[in-house]
Each structure stands twice: as C-alpha cells, then as structure tokens.
Amino acid sequence: MCGIAGYLGFREAYPIVINGLQRLEYRGYDSAGIVLVNENKLTIHKTKGKVSDLKELVINKNTEANLALGHTRWATHGIPNDINSHPHVSNSGNLVIVHNGIIENYNTLKKELLTRGYTFQSETDTEVLVNLIEEVKTRKNCKLGKAVQLALKSVVGAYAIAVVDVNATDEVIVARLGSPIAIGIGANNSEFFVASDASPFIEYTKDAVYLEDGELAIIKKEEDIVIRKINDDSIVEPDIQELQLNLEQIEKGGYDHFMLKEIHEQPNAILDTYRGRLLADQDIIKMGSVDNNIAKFLNAKRIIIVACGTSWHAGLVAEYLFEDLARIPVEVEYASEFRYRNPIINKDDVVIAISQSGETADTLAAIKLAKSHGAFVFGVCNVVGSSIARETDTGAYTHAGPEIGVASTKAFTTQITVLTLIALKLGNLKGELSNSQFHKYIQEMSLIPSKVAETLKVNAIVEEIAAIYKDAPNCLYLGRGYNFPVALEGALKLKEISYIHAEGYPAAEMKHGPIALIDESMPVVVIATKKGHYDKVVSNIQEIKSRKGKIIAVVTEGDTIVKDLADHTIEIPFSEEAFTPLLATIPLQLLSYHIAVMRGCNVDQPRNLAKSVTVE
Ligand code: F6R
C-alpha cells in the first residue's frame, strides 16, 4: 500500500512525479504529497485527499526542480490529514523521506529519539525513521547511504523508502524490505526514476532494476547505480531488466473506468493466460513450472491453497477443480488465518499461493511459513517479478496485464484459468480424466474466450437491472458447487465498490439463517446454470419466490424454467460445469459496476481500499 514516485535527472521532475503518482493511486489514495528539491532547498506540498487535490494545491506555484519525490498514501499510522501525509522531513530540515510500509518498532525508536531531544509533528512511523537516519548520520558523521543502511538495521517492519539530503541533491537513497520498489535507468545514467512499480516511467525508459528485500541502492546522477545489502553492506550486481509493459496497457482506452476496461479485457486476458500452454490441436497442456515438478504434484497427498479476498475465491473454485477433475484433496485457507494458527503442513503437501499483486503481506507470510515446513510452494501471480513470484519455489503467471481498478476482475478469471489448466493436466496424468474426457475439456476450454466475449453482451440488460436495484440496502448472492465461490465473489464486488451490504452463500445454506432476511425488498442474485445442480437451485429459487424475494437469475441460454420464476434473467452461454465460474462471474462484475456508477461511487478507487495490501 502507498505509492512512491521519484525523479532525478535533467527534466522537469514535477510533471513526471505527479503523473507517476496518478498511475500509482491504486495503491492508496488517502493523501498525497511531493517534495521538490532545488538549489539545496526543499519545497514540500502535501494534502489529505487524492493526487488531483495535490495538483490543485500546487497550481500557480513554482515547481521547477530536477529532483522530486512523491507519495500517495494508504494510512496506517495516523489518520489521513495534511500533517501525516508524506514526505516527512527530519528535525534539522536536511533529510526528506517517502515511505511505503510499516515500521513495527517505531514506538521504541521514537522514545529513544525523544530522549535525545527530537520532536515530532506527525503521528507517523515514517517521521521516526527519517529522524533515526538523521541521528545515525550525525552521530557517525557519515554519508546518507551509510546512515540509511545503519538505521535500517535497527528497524523491524516493512518498507520501501526513498531518502534525499538537501546538501547532496545529485543523490537518492532507496531501500526495500517487504514493499516493492523499482528503479528506472535513463540512457547513460543521465536520469533515474524511482517508483513502487514501473508504470510511472515506462514512457522514459525500458531499463529497470527491482530491488530485492534487504537491499539498498545509491542512485547518483551520471554514475552507475550501486546496490548494497543492508545487513552486511556487501555489494550486489544490479540485475537490469527490460520492461515488457507499455503505455496503452495502463490507460483507460476509451472506457469510463479501468474496471469496465478490465472486465471487457477478459476474453483476451484468458487467451493470453493459456497462450502457449493450452495446445488444443494436440490435446496437450504444457506448463513448464508444473511439468518440471510433476512428481511433486502427482504425489501430493493434499493441496493447500493460500490467498486473500478475490484470490481466495479463485482458490475456492480451484478446490472444486482439483477435487473434481484430479481427485486431489484440497484445503483453501485465508492466508491471514493460516499463518497464525500453527497449521499442519507436511513435506508432501503442495501449497499454491494465489495473488494478483504478488505483494499481499499475509499471503507472503503464509508462503514463508509453508516453506519453513518443507512444503513445495507454487505461486499464481499476475505481477511479474513481484515478491510472491520470487518467494515461491516456482509458479505460473496469469499474464492478465496490469489490473488498475482496485476491484479485481480479470485477475480472478485468469487465476481460475491457470488453476483449471493445472487441474486438467493432473487429472489426465493421474488417470482420473480419460483421454477422451481430457480432449473434450481442452476443446471446451479453447472456446472460453469467445464465450466470455458473448457473455459481455449482457451489459445492457445488466445495466437495466442495476437501475432497479441501485438503492437496495442489502443483497444476497446464492450459488451451488462451482458457482458457490462465484456467489461470494459477486457479493464482494458489490460491497466493495457500491458500499451495499451483500452476502454470498451456498444456495442450500439459505435455509439455515439468511432466509429470514428475505422479503419483497431483498434482491437475491442466483446462479442457476444448467449442469450446476440445476434442479436443486430451482428449488431454492422457489423458496425465495414464496417469500417474495426479488430474483435476479444468471441462467444458461435457452432456459425456460427459471425464466418463469425469476424477476430477471441474464443468459450466459452453455459450458461444462467446471468452466461456468469463468462465465457466470461476468454479469456479476457488470452488475456491481453499474450499481456503483449509478450511486456515484468512485468505482476504480473505492473508499478505504488499496490494490496492493502490503500490511497485515
Ligand atoms: C477484491 C480485491 C481484493 C484482493 C485481495 C488479494 O476485488 O481485489 O480482495 O483480491 O486484496 O490481493 P492479491 O490478489 O493481490 O493478493
């Protein structure tokens, strides 16, 4: 959480950093700030609110500078207000810092600094850190890089930081532990960019270094970047990577919101996910990271899936897939619960960690725990080079492209796609799926992108339904089997972007409590596709109808039975039951999107949320 953008070079730093912050706003948008460093002077502008509020604040002010650090915040320590906003300056006024993460022992450090006469303006852990660096620098009479390294050795927590000394304005010190940071390198080291991900600098350079945990970089104009290990000061050779990202991928491309764009990107995103992996004409599923570890998968006594939020819902779909198609027992765990409850993990367990961002703190901790018990850990991530992608033993990228809307959409369907490919492959190798069944599934899978495209045509109908229910205070989502996780995901989408209270339930569980809520004012979204325990779901619909609930049913095209019962039906193409989550989820994404827009909510940046949850 929190986004950092910085520039050191020959161009005007302000527009680069401000645009960069806007691209990083998905990481947090409680407050925003910038420091411009010019002629040994720091000029700081910061405000509660979004980057657009910061821009307003800076209008008509002198922004000339070739060095600037910016920050967009998701508040952890201290409420979102102007004072708690970053950047933070040390007591002498010489050092300035931007920080993403949490300094867990900040209270102890603060007490120590208070006894040494330091004073604090804000409630933040970050202001403690910058003063700790200052204290070390003064006491040791050393350069900034050394002071940052020594100070960080006494810090417990997570951080990505960028620090500048007003007396050395050709230098930025960057360090990372647990929170991502990328450094863009301009031609001949003439300019450098620092950012939480590469999006702020893709139009300037394709060369980037992603700092590893425990590393510190000394960035100096016209000089090669120097990377050192924080714990022992040893030098690390920079691994300069070529970025694959392009500008088009991070723009809205004519859509009103990133979320809508990303919903519509799903046919291509799914295709990109299985491109080169699903060889439908040869009846082959080829996945290097699975093939190279096939014995581990085939001998697994159990698969444990760890994830959070929407990724956890993808994990639940995978539970049905692995158990149904490959007959491997699966447990799906909230990473936050798993990591703290002394779980039983065996050496022959395969742990699958699912994460769009690849930075979720709880998922990362769950992976470390599983590895410490000797389990083989496989990652399913979207963000290339992310912490989870690096921490896992191996894994498969979803290749969904950047997901910028805070509510996850294409990440969900592409995660399911990866997991489906693995389940089918294992099912066939284990003899649970005959070659002819495998062939049938592969052929069906290859049609999913076009069926998703077909499903997207329900947009207009869904918009009409949204207009009817946009003011409902509550909403219930029901599904059975493979579509139970889809119901959970539909409810999560609605609550997170429209702030309507919503609950997802297995349809049969309704009788055990939620049915008490049903009356004529309660919309109930039911996934009632053919093959998906259809008759049972029809009975559940009858039960809702008898209590006058309003039924919005997602049905297979051509359905007549549910059509007669439901208040509204949304038709999706027929598919094998195992693939229905990939289709049934689309109308639910659209429903929450339209309701949120009609309620005037900020769809791409819902309140209190952030895209990348790097704190536990
Ligand atoms: C919901 C949503 C979150 C994330 C969760 C995990 O739309 O986006 O629930 O799914 O924070 O994030 P990742 O997948 O990045 O680990």
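Both ligands and their constituent atoms are indexed starting at 1 by order of listing. Source: prediction; values computed, not measured. Residue indices begin at 1 and follow the sequence shown.
For the pair K48 and D30, the salt-bridge criterion is not met [side-chain N within less than 4.0 Å of a carboxylate O]. Under a 4.0 Å N-O distance rule, the pair R302/D349 qualifies as a salt bridge.
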Any protein N/O atoms within less than 3.5 Å of an N/O atom in ligand 1? List the atom names and distances, or say none.
from: ligand 1; atom 1: 7 (O); to: T310; atom 2: OG1; distance (Å): 3.3
from: ligand 1; atom 1: 7 (O); to: S408; atom 2: N; distance (Å): 2.8
from: ligand 1; atom 1: 7 (O); to: K493; atom 2: NZ; distance (Å): 2.9
from: ligand 1; atom 1: 7 (O); to: E496; atom 2: OE1; distance (Å): 3.1
from: ligand 1; atom 1: 7 (O); to: E496; atom 2: OE2; distance (Å): 2.5
from: ligand 1; atom 1: 8 (O); to: V406; atom 2: O; distance (Å): 3.3
from: ligand 1; atom 1: 9 (O); to: T310; atom 2: N; distance (Å): 3.2
from: ligand 1; atom 1: 10 (O); to: T310; atom 2: N; distance (Å): 3.0
from: ligand 1; atom 1: 12 (O); to: T360; atom 2: OG1; distance (Å): 3.4
from: ligand 1; atom 1: 14 (O); to: S311; atom 2: OG; distance (Å): 2.6
from: ligand 1; atom 1: 14 (O); to: Q356; atom 2: N; distance (Å): 2.7
from: ligand 1; atom 1: 15 (O); to: S355; atom 2: OG; distance (Å): 3.4
from: ligand 1; atom 1: 15 (O); to: Q356; atom 2: N; distance (Å): 3.4
from: ligand 1; atom 1: 15 (O); to: S357; atom 2: N; distance (Å): 2.8
from: ligand 1; atom 1: 15 (O); to: S357; atom 2: OG; distance (Å): 2.6
from: ligand 1; atom 1: 15 (O); to: T360; atom 2: OG1; distance (Å): 3.4
from: ligand 1; atom 1: 16 (O); to: S355; atom 2: OG; distance (Å): 2.6
from: ligand 1; atom 1: 16 (O); to: T360; atom 2: OG1; distance (Å): 2.4

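The salt bridge (Lys or Arg N to Asp or Glu O under 4.0 Å) search around E215 returns none, not counting sequence neighbours. With sequence neighbours excluded, the residues satisfying side-chain contact (heavy atoms from CB on, under 4.5 Å) with L247 are R23, I202, E203, I250, E251.
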Ignoring hydrogens and angles, write down the donor-acceptor pairs under 3.5 Å from the side chains of residues 389-396, residues two or more places apart or on other chains.
from: R390; atom 1: NE; to: G385; atom 2: O; distance (Å): 3.4
from: R390; atom 1: NH1; to: E212; atom 2: OE2; distance (Å): 3.4
from: T392; atom 1: OG1; to: I388; atom 2: O; distance (Å): 2.8
from: T392; atom 1: OG1; to: A389; atom 2: O; distance (Å): 3.2
from: D393; atom 1: OD2; to: V377; atom 2: N; distance (Å): 2.7

Check against salt bridge (charged side-chain N to carboxylate O under 4.0 Å, His left out), R275 and D272: CA-CA 5 Å; R275 195 187 303 285; D272 287 343; 2.5 Å; yes
